[in-house]
Amino acid sequence: MEKPLKTYKFRFSPMMIAVFSVGIALCAACFALTSWQFIEFISGLRGDITSAWEWIKYLLLYFVSILLAVLLTAMLIRSRYMITEKHLVTQFGVIFSKYEIKKIRSVCLIGGTKKLNVYFDDFKNRFITIVVKEEWYDDFIETLTSINERIEFDFTSPEKKDDTKKKK
């Protein structure tokens with residue numbers, strides 16, 4: 001993998017942080033409950049100790065609870081955007097996506113959502129949304145345009161909603 005020029009941490013909403021935290025807590029509870037049941041199983045209080053199905057069940061429960069906890073923790077800690085010499089890389093935990101910077105057409109700041117949309121040349125409506133701290137917008141755009149000078153910057157402001165009600 002190329003060495004990143006700049007790295008920007010993904011900005012999660014408080015609701016998403018709460019969802020990740022609850023998910024990790026549920027994984028811990030699943031692990032604890034499985035351990036309690038496994039101890040009863042080993043001591044002979046629950047089930048037949050010679051049953052292959054029981055052993056497989058406990059192994060799967062441990063594996064799934066640990067795997068989900070690792071994935072959720074990785075997404076919470078290692079979600080970021082990296083700009084290299086040739087690519088814009090998005091990383092969400094263990095999931096990576098690469099986009100060629102030379103194919104970026106424009107970057108648009110969406111005023112109502114306060115997010116950046118990056119539009120590409122290769123498909124008519126293809127874009128990704130960048131969610132970082134607002135203080136990093138200028139630096140993010142400057143880094144992209146220093147690599148590809150063709151990138152245009154635009155912004156939109158939220159439209160006012162019409163408060164008048166239509167009569168039927």
Side-chain angles (χ1 to χ4, degrees), residues 1-36 57-159 161:
M1 187 170 161
E2 301 171 70
K3 184 176 178 181
L5 297 174
K6 295 270 185 150
T7 300
Y8 303 91
K9 188 161 175 50
F10 187 88
R11 182 180 50 103
F12 286 109
S13 67
M15 176 63 117
M16 284 305 298
I17 292 173
V19 168
F20 282 125
S21 300
V22 167
I24 293 168
L26 287 174
C27 289
C30 177
F31 188 86
L33 182 62
T34 301
S35 296
W36 176 50
K57 178 178 80 171
Y58 289 115
L59 285 174
L60 283 174
L61 285 170
Y62 278 126
F63 176 76
V64 168
S65 63
I66 291 170
L67 178 68
L68 287 176
V70 167
L71 288 175
L72 290 172
T73 304
M75 286 190 75
L76 192 59
I77 293 172
R78 296 292 278 184
S79 292
R80 60 191 177 162
Y81 303 98
M82 296 175 287
I83 298 176
T84 67
E85 289 289 332
K86 297 180 181 178
H87 295 97
L88 169 61
V89 181
T90 59
Q91 178 185 6
F92 296 102
V94 295
I95 301 168
F96 287 88
S97 297
K98 276 186 175 181
Y99 305 95
E100 289 186 52
I101 293 178
K102 70 179 183 180
K103 292 185 178 181
I104 295 175
R105 179 183 39 155
S106 67
V107 178
C108 182
L109 173 62
I110 310 297
T113 62
K114 297 188 179 180
K115 297 177 184 174
L116 294 171
N117 282 351
V118 176
Y119 295 93
F120 297 91
D121 284 334
D122 49 355
F123 293 111
K124 189 173 185 177
N125 294 321
R126 185 172 175 205
F127 70 94
I128 61 171
T129 301
I130 305 294
V131 185
V132 294
K133 290 182 181 179
E134 289 181 52
E135 304 90 60
W136 297 344
Y137 289 168
D138 291 335
D139 187 47
F140 183 85
I141 293 165
E142 285 176 20
T143 306
L144 282 178
T145 54
S146 69
I147 297 169
N148 181 358
E149 294 161 358
R150 295 182 316 115
I151 297 174
E152 299 173 5
F153 175 69
D154 192 15
F155 63 92
T156 61
S157 59
E159 296 179 21
K161 293 184 180 179

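Only a predicted model underlies this, so the values are computations on that prediction, with no experimental measurement involved.
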| said: With heavy-atom distances below 4.5 Å as the criterion, would you say the side chains of Asn117 and Val107 are in contact? | reply: no

| With Arg150, which residues qualify under salt bridge (Lys or Arg N to Asp or Glu O under 4.0 Å), at least two apart? | Asp121

| task | Look at the aromatic rings of Phe12 and Phe20 and report parallel, tilted or perpendicular, splitting at 30° and 60°. | result | perpendicular

| Relative to the ring of Tyr8, is the ring of Phe140 parallel (under 30°), tilted (30 to 60°) or perpendicular (over 60°)? | perpendicular

| note | Asp139 meets the salt bridge (Lys or Arg N to Asp or Glu O under 4.0 Å) criterion, sequence neighbours left out, with Lys6

| request: Can you sort out the partners of Glu142 under side-chain contact (heavy atoms from CB on, under 4.5 Å), two or more places apart, ordered by chain and number? | output: Asp138

| task | Please test His87 against Glu100 for side-chain contact (heavy atoms from CB on, under 4.5 Å), starting from the C-alpha separation and ending with a verdict. | result | CA-CA 5 Å; His87 295 97; Glu100 289 186 52; 3.9 Å; yes

| Within 45° of the six-membered ring axis of Phe10 and under 6.0 Å from that ring's centre, is NZ or CZ of Arg80 located there? | no

| task | Might you point out which heavy atoms bring Arg11 and Tyr137 nearest each other, and give the distance in Å? | result | NH2-OH, 4.3 Å

| field | Ile83 side, atom CD1; Thr143 side, atom OG1 - distance, nearest 0.5 Å | value | 5.0 Å

What side-chain donor-acceptor pairs closer than 3.5 Å can you find for residues 64-78, not counting sequence neighbours?
unit_1	atom_1	unit_2	atom_2	d
Ser65	OG	Leu61	O	3.1
Ser65	OG	Tyr62	O	3.1
Thr73	OG1	Ala69	O	2.7

| request: Could you give me the CA-CA distance, side-chain angles and deciding distance for Met82 and Gln91, then say whether side-chain contact (heavy atoms from CB on, under 4.5 Å) is met? | output: CA-CA 8 Å; Met82 296 175 287; Gln91 178 185 6; 3.9 Å; yes

| said: Less than 4.5 Å apart, side chain to side chain, heavy atoms only: is that true for Cys27 and Phe31? | reply: no

| Shortest non-hydrogen separation from Glu85 to Leu5 and the atoms involved | OE2-CD2, 3.3 Å

| request: Take Tyr99 and Ile128, measure what side-chain contact (heavy atoms from CB on, under 4.5 Å) needs, and give me the verdict at the end. | output: CA-CA 10 Å; Tyr99 305 95; Ile128 61 171; 3.5 Å; yes

| query | Hey, what do you get for OG1 (Thr34) to CZ (Phe63), rounding to the nearest 0.5 Å? | reply | 14.0 Å

| message | If you apply the rule side-chain contact (heavy atoms from CB on, under 4.5 Å), what do you find for Thr90 with Ile95, and how did you get there? | response | CA-CA 8 Å; Thr90 59; Ile95 301 168; over 6 Å; no

| query | What heavy-atom pair brings Thr84 and Ile147 nearest, and what distance separates the two atoms? | reply | O-CD1, 3.2 Å

| remark: Shortest non-hydrogen pair, Ile104 vs Asn148, comes out as O-ND2, 3.5 Å

| query | CD/Glu149 to CD1/Ile151 distance, rounded to the nearest 0.5 angstrom? | reply | 9.5 Å

| said: For the OG atom of Ser106 and the CZ atom of Phe127, what is their distance to the nearest 0.5 Å? | reply: 11.0 Å

| request: Would you give the length of the straight line joining atom CD1 of Ile110 to atom OG1 of Thr129, rounded to the nearest 0.5 angstrom? | output: 8.0 Å

| message | Does anything in residues 13-28 form a side chain to side chain donor-acceptor pair (under 3.5 Å)? List the pairs, not counting sequence neighbours. | response | none

| query | Among all residues two or more places apart in sequence or in another chain, which pass the salt bridge (Lys or Arg N to Asp or Glu O under 4.0 Å) test with Lys9? | reply | none

| For the residue pair Phe92 and Tyr81, does the interplanar ring angle fall in the parallel (under 30°), tilted (30 to 60°) or perpendicular (over 60°) class? | perpendicular

| query | How long is the span from the CD1 atom in Ile130 to the SG atom in Cys108, to the nearest 0.5 Å? | reply | 12.5 Å

